[in-house]
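Written below as structure tokens is the structure these notes are about.
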Amino acid sequence: MSTLTLTKPNPPLRKTDDPSWVDTFFYDNKIVRDFAYATLFWGIAGMMIGVLIAFQLARPELNMGTEYTTFGRVRPLHTNAVIFAFVGNGIFMGVYYSLQRLCKTRMYSDVLSKIHFWAWQLIIVAAVITLPLGYTTSKEYAELEWPIDIAITVVWVVFGWNMFGTILKRRERHLYVGIWFYIATFLTVAVLHIVNSYEIPVTFMKSYSGYAGVQDALVQWWYGHNAVAFFLTTPYLGMMYYFLPKAANRPVYSYRLSIIHFWSLIFIYIWAGPHHLLYTSLPDWAQSLGVVFSVMLLAPSWGGMINGLLTLRGAWDKVREEPVLKFMVVAITAYGMATFEGPMLSLKNVNAIAHFTDWIVAHVHVGALGWNGFLTFGIIYWLLPRIFQTKLYSKKLANVHFWLGTLGILFYAIPMYWAGFTQGLMWKQFNQDGLLQYSNFLETVLQLVPMYYLRGIGGVLYLGGVFVMLYNVIKTVKSGSLLANEEAHAAPMMPMIKGVEHKGHWHRWIERRPIQMAVWATVAILIGGAVEMIPTFLVESNVPTIASVKPYTSLELQGRDVYIKEGCVNCHTQMVRPFRSETERYGEYSKAGEFVYDRPFLWGSKRTGPDLHRVGGKYPHSWHYHHMLDPTSMSPGSIMPAYPWLFEKDLDTSDTPVKIEALQKLGTPYPAGYAQQANADLQKQAAQISAELAKEGIEVKPEKEIVALIAYLQRLGTDIKVKTEK
């Protein structure tokens, strides 16, 4: 007797000519338009601030004599406005446009899209308000205080929810390479932000870092370098992979190269942060890891650049005619230049000359102005005419913008490279007698002023091009009408047939599974950070303690917070490297154990002024008093602004007890009950400094902010005693 075997039938083949097999849906172009407008608005605002601070370095009177407009307070506003407002909105513009089309579906939720847009703009407004007021953590690219950090976390979750919801309801099974980079961006930025923002709130707009000294520096530059990697790079690579083929009407050059590019980039990038801390007090093994992986990073970075440029094969004739492609070609070239220079700067012999100089400023702006700026402009020129159902108003004006922007980059970068070489070499120059050729740091600064003017002119040219673009965009938009809900058609995604999904390239398996891809991408980016950070936190020999190093007194602590509020770390470092040129100029090189009570660390990344780690006791109180009131009185020709409000404002001591208690929770060994007597100690030390100033003919009340700042400056570098040979 025969048996009947029942088998599950395979899904029927699609009848592509049958309308019943095709879904009709609508892309949301309104959210794309909103992010495009925000990109232009904040781009102009951020670049205008950039031009202002560029000229402030040449003409300190442009600080305008108010505490809210000094370079130290406005410089982080510029970086946040360009990175998170201009580039951030540009990312969301590109992602919301491309993701819908790559997934063949509308965004998961219009409500989430709107919440994301308006909440992100409110966060930017919060930064515009708080940074000039002096509310800052002082951590580079992460200066915003804890309430805003929480808001950023919530908004980022909203974005991820909307993005993954869209991916999961897609009608296209294959996840295109651009989506891989979007996924890695979301996950890594989330990890970076949460880890680096570990802090303990003190008051509503004041917190102390959960990490101290060397560990804080490692976490910060693990974050800082990878904020560049995963906010300024990977989402733009995703957009490059989508918009460049669209603009050129050519397929991506190499699919296999894109696979290698993606996985090697996200794995290697996360290790490279320590190259920002070469020759510092960071353990040598961590520095060496940073160097090795930074050099390795050249391969995947250039793999992406080559993949982009070769996508234009057979379409270079269009580059002559299409301004969109001009912007994109220069953007990809700038990406290649910046990602070549990064590994080069991580080499110790090069870093010894370049670090803390304007060379780094030039390097950063080649990436920001060229890669991020030009790719954003190219995408806007390509995208807006399409969603407004019209043509670009004027290709001639777009070409004018291109050349103004290109000249702006050259006028900006070349003088800054020259300034960097000049600084690095002058700092290290010895004369025939073995003495520093330029022992007065100010001599090296005055040589740079002409380059600062040229840098400002470059900024004006670049900004001028953006204003041309704004006019062109306005005219383009007015000539068309927004297609808010763009009709589209696609067949629903069919269930996979067992066994079929494994056919073809092995990588196809993960490209069809967004959750698995997200998991493996997270594993790839966690390995490097874990290997670098865990030993630094758990192995005590990485940060040897020094018995003579004590916590700051309550007055010194308040003075340190004044120093942070004024943004002094933007121009001064507190890290003497073990070079003869630096120990001759500043004193004994810095030791890891000296920073165990520094929350946050204040090593800095740029020397517009001299290093201050050994400034304690170097000058009398009166020198600091006059220097802050009128820098040129102590240093003729100084480009440092005056700080008259420090002599007028009383120090707010109402939060001294809670600051002490917060630091005690973090392990700072203040005596039990010290919080209650901290202000009494503060007043005693302040009265002593006031009395010493009075002996020099200076009358100042002990409650003024300047007294606390002097106390802090006089403490710097005095915890260790170095014997000098007579």
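Values in this document were obtained by computation on a predicted structure and should not be read as measured data.
- Using a distance-only test at 3.5 Å, with no hydrogens or angles considered, a donor-acceptor pair links the side chain of Ser690 to the main chain of Val700.
- In this structure, CG in Asp598 is found 10.0 Å from OG1 in Thr668, a value given to the nearest 0.5 Å.
- The closest side-chain heavy-atom distance from His613 to Met575 is not below 4.5 Å.
- Of the possible donor and acceptor atoms, one in the side chain of Asn570 sits under 3.5 Å from a partner among the backbone N and O of Gly72.
- At least one side-chain heavy atom of Trp603 sits under 4.5 Å from a side-chain heavy atom of Leu277.
- When ring centroids are compared, Phe159 and Phe92 come within the 6.0 Å threshold.
- Note that the CD1 atom of Ile148 and the CD1 atom of Ile123 stand 8.5 Å from one another [nearest 0.5 Å].
- Using a 4.5 Å heavy-atom threshold, the side chains of Tyr674 and Ser554 count as touching.
- In summary, the side chains of Glu140 and Ser605 do present a donor paired with an acceptor at a separation below 3.5 Å, with no hydrogens or angles considered.
- Between atom CZ of residue Arg607 and atom CG of residue Leu612 there is a gap of 9.5 Å, rounded to the nearest 0.5 Å.
- In plain terms, the two heavy atoms of Ile83 and Leu232 that are nearest each other are CG2-CD2, 4.0 Å.
- Applying side-chain contact (heavy atoms from CB on, under 4.5 Å) to His621 and the options Lys695, His626, Glu692 leaves one that passes, Glu692.
- Below 30°, between 30° and 60°, or above 60°: for Tyr211 and Tyr198 the angle between ring planes is above 60°, a perpendicular geometry.
- A salt bridge is absent between Arg73 and Glu143; no separation between the charged side-chain nitrogens and carboxylate oxygens falls under 4.0 Å.
- The neighbour count for Tyr670 OH, taken as heavy atoms of other residues, nucleotides or ligands under 6.0 Å away, is above 12.
- Atom OH of Tyr412 sits about 11.0 Å away from atom OH of Tyr417, to the nearest 0.5 Å.
- The main-chain N or O of Val468 is never found under 3.5 Å from a side-chain atom of Asn472 such that the two would form a donor-acceptor pair.
- Between Lys565 and Glu705 there is a salt bridge, since a side-chain N of the basic residue sits under 4.0 Å from a carboxylate O of the acidic one.
- Residue Met48 places its CE atom among 12 or fewer non-hydrogen atoms of other residues, nucleotides or ligands, all under 6.0 Å distant.
- Judged purely by distance below 3.5 Å, without hydrogens or angles, the side chains of Asn63 and Thr70 never pair a donor atom with an acceptor atom.
- Taking CG of Asp611 as the start and CH2 of Trp427 as the end, the distance is 9.5 Å to the nearest 0.5 Å.
- Using a 30° and 60° split on the angle between ring planes, Phe377 and Phe86 fall in the tilted class, from 30° to 60°.
- Using the six-membered ring where Trp is involved, Trp156 and Trp120 have ring planes that are tilted, between 30° and 60° apart.
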- Output, in order, the C-alpha distance, side-chain angles, deciding distance and verdict of side chain to side chain contact (heavy atoms under 4.5 Å, CB included) for Trp371 and Leu375. CA-CA 6 Å; Trp371 168 234; Leu375 191 59; 4.0 Å; yes
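- At a cut-off of 3.5 Å, with distance as the only test, no side-chain donor of Asp652 or Gln558 sits close to an acceptor on the other residue.
- Of the possible polar contacts, none joining the Thr608 side chain to the Cys571 backbone as a donor-acceptor pair under 3.5 Å is found.
- With hydrogens and angles ignored, the 3.5 Å screen pairs a side-chain donor or acceptor of Arg599 with a backbone N or O of Leu666.
- With hydrogens and angles disregarded, no donor-acceptor distance shorter than 3.5 Å links the side chain of Gln688 to the backbone of Lys684.
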- Message: Would Gln714 and His624 count as a side chain to side chain contact (heavy atoms under 4.5 Å, CB included) here? Give the steps.
- Response: CA-CA 9 Å; Gln714 293 290 38; His624 291 292; 3.7 Å; yes
- Chi angles and distances behind the side chain to side chain contact (heavy atoms under 4.5 Å, CB included) call for Ile380, Met469: CA-CA 10 Å; Ile380 290 175; Met469 178 185 194; 3.4 Å; yes
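- Remark: Ile639 CD1 to Tyr452 OH distance equals 5.5 Å, nearest 0.5 Å.
- Surrounding OH of Tyr135 are at most 12 heavy atoms belonging to other residues, nucleotides or ligands under 6.0 Å away.
- Judged purely by atom type and a 3.5 angstrom limit, Ser281 uses its side chain to pair as donor or acceptor with the backbone of Ser590.
- Side-chain contact between Leu448 and Thr444 is absent, with no heavy atoms from C-beta onward closer than 4.5 Å.
- Contact record, Trp359 with Ala354: CE3-CB, 3.2 Å, taken as the closest heavy-atom pair.
- A donor and an acceptor atom, one from each side chain of Asn89 and Tyr37, are nowhere located under 3.5 Å apart.
- Counting all heavy atoms, side chain and backbone alike, Ser638 lies closest to Met640 at OG-N, 3.1 Å.
- In summary, the side chains of Ser209 and Asp216 do present a donor paired with an acceptor at a separation below 3.5 Å, with no hydrogens or angles considered.
- Within the 3.5 Å criterion, the main-chain N or O of Gly717 finds no donor-acceptor partner in the side chain of Glu594.
- Evaluation of the salt bridge (charged side-chain N to carboxylate O under 4.0 Å, His left out) test over residues 621-649, restricted to residues two or more places apart or in two chains, returns Glu67-Lys649.
- Side-chain N/O atoms of Thr153 and His193 include a donor and acceptor closer than 3.5 Å.
- When side chains are defined from C-beta on, Asp650 counts as touching Lys704, because their heavy atoms get closer than 4.5 Å.
- Of the N and O atoms on the side chains of Thr656 and Thr653, not one donor lies less than 3.5 Å from an acceptor on the other residue.
- Residues Phe35 and His116 place their aromatic rings such that the two centres sit under 6.0 Å apart.
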- Message: Using side chain to side chain contact (heavy atoms under 4.5 Å, CB included), reason through Leu345 and Ile360 one step at a time and then give a plain yes or no.
- Response: CA-CA 9 Å; Leu345 286 169; Ile360 309 302; 4.0 Å; yes
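- Closest heavy-atom contact between Pro132 and Ala127: CD-O, 3.8 Å.
- Here the shortest heavy-atom pairing between Val366 and Ala334 reads O-CB, 3.7 Å.
- Residues Thr553 and Gln685 have side chains that bring a donor and an acceptor to within less than 3.5 angstrom of each other.
- The shortest side-chain heavy-atom distance between Leu555 and Leu651 falls under the 4.5 Å cut-off.
- Considering only heavy atoms from C-beta on, Leu557 comes within 4.5 Å of Tyr208 through its side chain.
- Residues Phe441 and Gly609 approach most closely at CE2-C, 3.3 Å, considering heavy atoms.
- Taking the six-membered ring where the residue is Trp, the centroids of Trp623 and Tyr625 are separated by 6.0 Å or more.
- Thr137 has its side chain out of reach of Trp146: every pair of non-hydrogen atoms, C-beta onward, lies at least 4.5 Å apart.
- Judged by distance alone, the side chain of Arg715 and the main-chain N or O of Gly616 form no donor-acceptor pair under 3.5 Å.
- Ion pairing between a basic and an acidic side chain is recognised when a charged N comes within 4.0 Å of a carboxylate O; Arg614 and Glu582 show no such pairing.
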